[in-house]
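Just below is one structure, and these are the notes that go with it.
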Amino acid sequence: MARIGIFADESGNFDFSRGPGASRYFILTTVACADYGVGDALIRLRREIAWQGHGVNSEFHATEDSLEVRGRVFRLLCEHEFRIDVTILEKAKAAPCTRASEDAFYQHAWQHHLAHVAPQIVSPTDELFVVGASLGTKKKRALMHRAVRDVVDAVAPCAEYRTVSWSADSEPCLQVADYCCWALRRKWELCNLAEYNLIARKIVTEVDLWAGETELYY
């Protein structure tokens, strides 16, 4: 029996329009590992960077970190073994029933993501620990947590599971997911492959969920 940890981050918003600030994609990225070595190494790196006098927040956050810090984090990620799985949803292709509410859309993303990822990483005798980054208001966090729980309950082929929603500064493996998701966002939203290429060999699945669809709803 093994206990597999899945750490998740998302890119994109729930603005289903072509207005300013609306993302084209909603991207769900998970990092799976059988141990937490990469997270432990990230904590050591933060201490080292702080000792060297470089500015760093309470956690690594790819959109806010300096170019030098990002470079060191990506070099560290390349040295450790973990698995990346990604599901991409082009929001304009989401049927109205799929985006009837934010939590419905979020659950739809998780349903499809875990449906193809969970059977690949856990067996019926394994334990599954799903950690999502807490976001939004308390009510919204509760809705998102319930969505993940329901999906795991439906599709995860494991002996036992737990789902939690934590802040990124409390769990370094969430910061790993943040960096990976940031690289994926830059590929899909900006066509920038620089950071994506650094982690590409760790990506096991990268699914454009509605790639075959042509109808746009807005």
Measure across [X] and [Y] and return the closest heavy-atom pair with its distance rounded to 0.1 Å.
X    : Y    : result
A156 : L128 : CB-CD2, 3.8 Å
I121 : I4   : O-CG1, 3.7 Å
S170 : S167 : OG-O, 2.7 Å
S17  : D15  : OG-OD1, 2.7 Å
S23  : G12  : OG-CA, 3.3 Å
L76  : A41  : CD1-O, 3.5 Å

**Residue list, ring-ring contact (aromatic ring centres under 6.0 Å, His included) with H80, at least two apart or on another chain** =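 H80 satisfies ring-ring contact (aromatic ring centres under 6.0 Å, His included) with no other residue.
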**Asked** With F82, which residues qualify under ring-ring contact (aromatic ring centres under 6.0 Å, His included), at least two apart?
**Response**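 Here no residue qualifies.
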**Message:** Distance to the ring centre below 6.0 angstrom and angle to the axis at most 45 degrees; does that hold for K91 and F16?
**Reply:**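 Here K91 passes the 6.0 Å and 45° test against F16.
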**Prompt:** Under 3.5 Å, side chain of E213 to main-chain N/O of E215, donor-acceptor pair present?
**Reply:**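 Here the side-chain-to-backbone pair does not exist.
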**Item:** Under 3.5 Å: donor-acceptor pair, side chain of T205, backbone of D85
**Value:**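 No; judged by distance alone, with no hydrogens or angles, the pair does not exist.
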**Request:** Kindly determine whether R70 and E64 satisfy salt bridge (Lys or Arg N to Asp or Glu O under 4.0 Å), including the steps that lead there.
**Result:** CA-CA 9 Å; R70 279 203 302 268; E64 299 175 3; over 6 Å; no
**Request:** Go through the side-chain N and O atoms of D9 and T29 and say whether any donor and acceptor fall under 3.5 Å apart.
**Result:**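 Note: D9 and T29 side chains miss the donor-acceptor criterion.
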**Item:** Sequence neighbours excluded - side-chain hydrogen bond (donor to acceptor under 3.5 Å, both in side chains) pairs with any residue from residues 147-160
**Value:**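 Applying side-chain hydrogen bond (donor to acceptor under 3.5 Å, both in side chains) to every pair that reaches into residues 147-160, excluding sequence neighbours, yields D153-Y161, E160-R162.
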**Prompt:** Are side-chain heavy atoms of T98 and Y217 found at a separation under 4.5 Å?
**Reply:**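 No, every pair of side-chain atoms sits at 4.5 Å or beyond.
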**Prompt:** Do the side chains of Q175 and V38 get nearer than 4.5 Å, heavy atoms only?
**Reply:**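 No. Closest side-chain heavy atoms not under 4.5 Å.
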**Item:** For L174, the rest of its hydrophobic cluster, which grows through side-chain links under 4.5 angstrom
**Value:**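 Via sub-4.5 Å side-chain contacts, L174 links to F7, Y36, F129, V131, V164, W166.
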**Asked** Above 12 or not: heavy atoms from other molecules or residues under 6.0 Å from CZ of R72?
**Response**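 Correct, the count exceeds 12.
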**Prompt:** Rounded to the nearest 0.5 Å, how far does CZ of R46 lie from CG of D169?
**Reply:**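 One gets 8.0 Å once the value is rounded to the nearest 0.5 Å.
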**Message:** Can you tell me how the ring of H113 sits relative to the ring of W110, calling it parallel under 30°, perpendicular over 60° and tilted otherwise?
**Reply:**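 Rings of H113 and W110: perpendicular, as their planes differ by over 60°.
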**Message:** Between H112 and H116, does the ring pair (Phe, Tyr, Trp, His ring centres under 6.0 Å) criterion hold? Intermediate values first, please.
**Reply:** CA-CA 7 Å; H112 285 274; H116 72 263; 8.7 Å; no
Side-chain donor-acceptor contacts of residues 178-191 below 3.5 Å, not counting sequence neighbours, with atom names and distances?
{"residue": "D178", "atom": "OD1", "partner": "H61", "partner atom": "ND1", "Å": "3.0"}
{"residue": "D178", "atom": "OD2", "partner": "A62", "partner atom": "N", "Å": "2.9"}
{"residue": "Y179", "atom": "OH", "partner": "D65", "partner atom": "OD2", "Å": "2.7"}
{"residue": "R186", "atom": "NE", "partner": "E195", "partner atom": "OE1", "Å": "3.2"}
{"residue": "K187", "atom": "NZ", "partner": "Y196", "partner atom": "OH", "Å": "3.4"}
{"residue": "K187", "atom": "NZ", "partner": "E206", "partner atom": "OE2", "Å": "2.8"}
{"residue": "W188", "atom": "NE1", "partner": "E206", "partner atom": "OE2", "Å": "2.9"}
{"residue": "E189", "atom": "OE1", "partner": "R24", "partner atom": "N", "Å": "3.4"}
{"residue": "E189", "atom": "OE2", "partner": "R24", "partner atom": "N", "Å": "3.1"}
{"residue": "E189", "atom": "OE2", "partner": "Y25", "partner atom": "N", "Å": "2.9"}

**Prompt:** Who pairs with R99 by salt bridge (Lys or Arg N to Asp or Glu O under 4.0 Å), at least two apart in sequence or on another chain?
**Reply:**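 R99: no salt bridge (Lys or Arg N to Asp or Glu O under 4.0 Å) contacts found.
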**Request:** For side chain to side chain contact (heavy atoms under 4.5 Å, CB included), just list the numbers for C173 and V31, CA-CA rounded to whole Å, side-chain angles, deciding distance to a tenth of an Å, and then say yes or no.
**Result:** CA-CA 8 Å; C173 287; V31 168; over 6 Å; no
